[in-house]
Amino acid sequence: MGFDKITRKEDYSAWYNEIVKNADLAEHSAVKGCMVIKPYGYAIWEGMQQKLDFMFKETGHSNAYFPLLIPKSFLSKEAAHVDGFAKECAVVTHYRLKNDPNGKGVIVDPDAKLEEELIIRPTSETVIWSTYKNWIQSYRDLPILLNQWANVMRWEMRTRLFLRTSEFLWQEGHTAHATKEEALAETVQMLEVYADFAENFLGVPVIKGVKTPNERFAGAEETFCIEGLMQDGKALQMGTSHFLGQNFAKAFDVKFQSKEGKMEYVWASSWGVSTRLVGALIMAHSDDDGLVLPPNIAPIQVVMVPIYKTEEERNAILDYFKSLKKELSSLNIRVKIDDRDTHKPGFKFAEWEYKGVPLRIAVGPRDMQNQTVELARRDTKTKETFNQDGLANYIHGLLPKIQESLYLKAKTFRDERIIEVNTWDEFVHALDHTPGFISAHWDGSPETEQAIKDKTKATIRCIPLENKLEEGKCILTGNKSSQRVLFARAY
RNA sequence: CGGGAUGUGGCUCAGCCCGGUAGAGCACUCGCAUGGGGUGCGAGGGGUCGCUAGUUCGAAUCUAGUCAUCCCGACCA
């Protein structure tokens, strides 16, 4: 390696880009707006998938798969949905190429034009509800609780690795219910799953809330979200859960016969999180020395680096590492022995540190003599010498402490950046001087929300659930308000 | 689509103003030493200078066009 590090203070967004690139998480692809997720970055996503998939199954969901291509006509069936997505859809118009008669290369065969053009899914509500129509006749067919792991495409103007790419990976849950109450309960349940996942697995504190109509998902009655705060004070939407009402059931004519024999439209929810969470993870914990990964999500939790001169020393240390690895693996700890002979220890230290591995064990001849190891923590950058005896158990206990400590650090930062303001001047001042969530009164009108956005680039991230009611005056218009909402500049 | 900038080995860039046939650092390969925080020394491999046309004896360098990328604005998980 040997690259210059950019600090967060110097240039936050350059710092982020460097981490993504230098920690081998992802890179730009030949196609603008798309990314190649490299093995180490993909391992992080796999860790997220594994945990979430487990949580979805626990709450009664099954996985299924619906196609990438959607007939164009499907999109237009739900009016708000088209409005939201039409501008960013990639469209398939032909199904064949042929050799260019005028020279080299291939051209689109004009004779192979599709009768109905297909769009590449920006989300799957429409295909799924066109399918659910065939699956649902009776209340006995409900509920349907499905999830799919998929890629989607939204043609973005400006992209950033993980945070916003044209193609991204995600999961989308789509459920169908007999009653409004049940669909709403499902929507809230999945929001809770996401919040639990973000806080306890990724170590990122989130605020659960409801979106304003302006920020609502196209086609939803209500959009719930979890919002995280990054170290630069910008908010990041980390997951959404939508109560879709009967909108898609009506658009695709999905009815069921109730116990009472009446025909009723089906109630729906949908919910998703994406590879954007990898970006959130990076921005929430990492420091000027590179990536910092909470143990729960770290692909490698403990890395072992041998220090040696002779072949004998090397073999002896690696033998010890192998036995320690066995012990740690039996405690479900993910371990890597860095036995590369092509790199020096100092290089390896720097590399694994940059890649955010929570714990590093270094052992040299002196340690072997003393039956000790050098144990280094990535999060605090502290080192201690520890006896080989009892080491595995110590690490087993230490990893959760690191997880907790990272969460608390992020939470302390986040809590300090929730700032209550009562006037427009305070609002503007806070945005520029202590960026974060700004808790302020808003008169509830979309026009005011838009005006604030136009003036400051700050948007209403959410109306927190369990928000206390409080009389006040809108910071912009002075009109009456019944509660505070959270504003922030956002990714 | 408007405003600004840039295209030169894998990467970061110098050279361009003042045309003379391409250079540095990092990375890579080999050798020797080194090995408890990004190792040192030596030797080597690798480039149609974004593309096209023009000016010229001669173009990375000048001119025109074209393509692409990046940054700033309007849209967004």
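Each chain gets a letter, A, B and so on, in the order its sequence line appears, and its residues count up from 1. Scope of the values below: all heavy atoms of this structure, side chains included, with no hydrogens, waters or symmetry mates.
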[X] [atom1] to [N] [atom2], straight-line distance once rounded to whole Å:
{"X": "Lys21(A)", "N": "C11(B)", "atom1": "NZ", "atom2": "C1'", "result": "8 Å"}
{"X": "Asp83(A)", "N": "C75(B)", "atom1": "CG", "atom2": "P", "result": "15 Å"}
{"X": "Asn22(A)", "N": "U12(B)", "atom1": "CG", "atom2": "P", "result": "11 Å"}
{"X": "His343(A)", "N": "A27(B)", "atom1": "NE2", "atom2": "P", "result": "11 Å"}
{"X": "Glu227(A)", "N": "A77(B)", "atom1": "CD", "atom2": "P", "result": "10 Å"}
{"X": "Met153(A)", "N": "C76(B)", "atom1": "CE", "atom2": "P", "result": "19 Å"}
{"X": "Phe224(A)", "N": "A77(B)", "atom1": "CZ", "atom2": "P", "result": "17 Å"}
{"X": "Lys455(A)", "N": "G73(B)", "atom1": "NZ", "atom2": "C1'", "result": "18 Å"}

Is the closest side-chain donor-acceptor distance between Asn22(A) and Glu18(A) under 3.5 Å? yes

Output the single nucleotide from [options] whose closest atom is nearest the side chain of [X].
{"X": "Ala350(A)", "options": "G37(B), G73(B), C76(B)", "value": "G37(B)"}
{"X": "Arg366(A)", "options": "G37(B), G36(B), G73(B)", "value": "G36(B)"}
{"X": "Lys309(A)", "options": "G36(B), G73(B), G35(B)", "value": "G35(B)"}
{"X": "Glu88(A)", "options": "C76(B), G35(B), A77(B)", "value": "C76(B)"}
{"X": "Arg276(A)", "options": "A77(B), G36(B), G38(B)", "value": "A77(B)"}
{"X": "Glu374(A)", "options": "G36(B), C76(B), G38(B)", "value": "G36(B)"}

Determine whether a donor-acceptor pair (N or O, by modelled atom type, separation under 3.5 Å) exists between the side chain of [X] and the backbone of [Y].
{"X": "Ser439(A)", "Y": "Leu486(A)", "value": "no"}
{"X": "Asp83(A)", "Y": "Ala218(A)", "value": "no"}
{"X": "Glu172(A)", "Y": "Gly272(A)", "value": "no"}
{"X": "Lys348(A)", "Y": "Asp338(A)", "value": "yes"}
{"X": "Gln388(A)", "Y": "Thr372(A)", "value": "yes"}
{"X": "Arg276(A)", "Y": "Met238(A)", "value": "no"}

Under 3.5 Å on both distances, the Watson-Crick or G-U partner of [N]:
{"N": "G45(B)", "result": "none"}
{"N": "A53(B)", "result": "U63(B)"}
{"N": "G10(B)", "result": "C26(B)"}
{"N": "C16(B)", "result": "none"}
{"N": "U39(B)", "result": "A33(B)"}
{"N": "A5(B)", "result": "U69(B)"}

Between [M] and [N], how far apart are the [atom1] atoms? Round to whole Å, please.
{"N": "U8(B)", "M": "C51(B)", "atom1": "P", "result": "10 Å"}
{"N": "G45(B)", "M": "A22(B)", "atom1": "P", "result": "15 Å"}
{"N": "A60(B)", "M": "U69(B)", "atom1": "P", "result": "26 Å"}
{"N": "G38(B)", "M": "U21(B)", "atom1": "P", "result": "42 Å"}
{"N": "G15(B)", "M": "U61(B)", "atom1": "P", "result": "15 Å"}
{"N": "U52(B)", "M": "A59(B)", "atom1": "C1'", "result": "14 Å"}
{"N": "U34(B)", "M": "G19(B)", "atom1": "C1'", "result": "48 Å"}
{"N": "G20(B)", "M": "U63(B)", "atom1": "P", "result": "15 Å"}

Compare all side-chain heavy atoms of Val303(A) with those of Leu359(A) and state whether any distance is below 4.5 angstrom. no

Any N or O donor-acceptor pair under 3.5 Å from the base of G35(B) to the side chain of Arg314(A)? no

With distance as the sole criterion, do the side chain of Glu353(A) and the base of G37(B) form a donor-acceptor contact below 3.5 Å? yes

Return the OG1 to CD distance between Thr187(A) and Glu222(A), rounded to the nearest 0.5 Å. 9.5 Å

To the nearest 0.5 Å, tell me how far Asp379(A) CG sits from Asp287(A) CG. 9.5 Å

Give me the residues of residues 190-198 of chain A where at least one heavy atom lies under 4.0 Å from an atom of RNA chain B, by number, or none. none

Note: for Val363(A) and Leu163(A) on RNA chain B, the residue whose nearest nucleotide lies more 5' is Val363(A)

Of Ser274(A) and Met368(A), the one whose closest nucleotide on RNA chain B sits nearer the 5' end is Met368(A)

For G36(B), take OP1 and OP2 only and decide whether either is under 4.0 Å from a side-chain N or O of Lys344(A). yes

Using OP1 and OP2 only, check whether a side-chain N or O of Lys348(A) sits under 4.0 Å from G35(B). no

Matching residue for Phe487(A) among Trp442(A), Phe427(A), Phe437(A) - test: ring-ring contact (aromatic ring centres under 6.0 Å, His included): Phe427(A)

Is Phe168(A) stacked against the base of A77(B), taking the criterion as centroid distance under 5.5 angstrom and interplanar angle under 30°? yes

Counting any heavy atom closer than 4.0 Å, what does [X] reach on the DNA or RNA strands: base, sugar-phosphate only, or nothing?
{"X": "Glu156(A)", "value": "base"}
{"X": "Lys383(A)", "value": "base"}
{"X": "Thr459(A)", "value": "nothing"}
{"X": "Arg360(A)", "value": "base"}

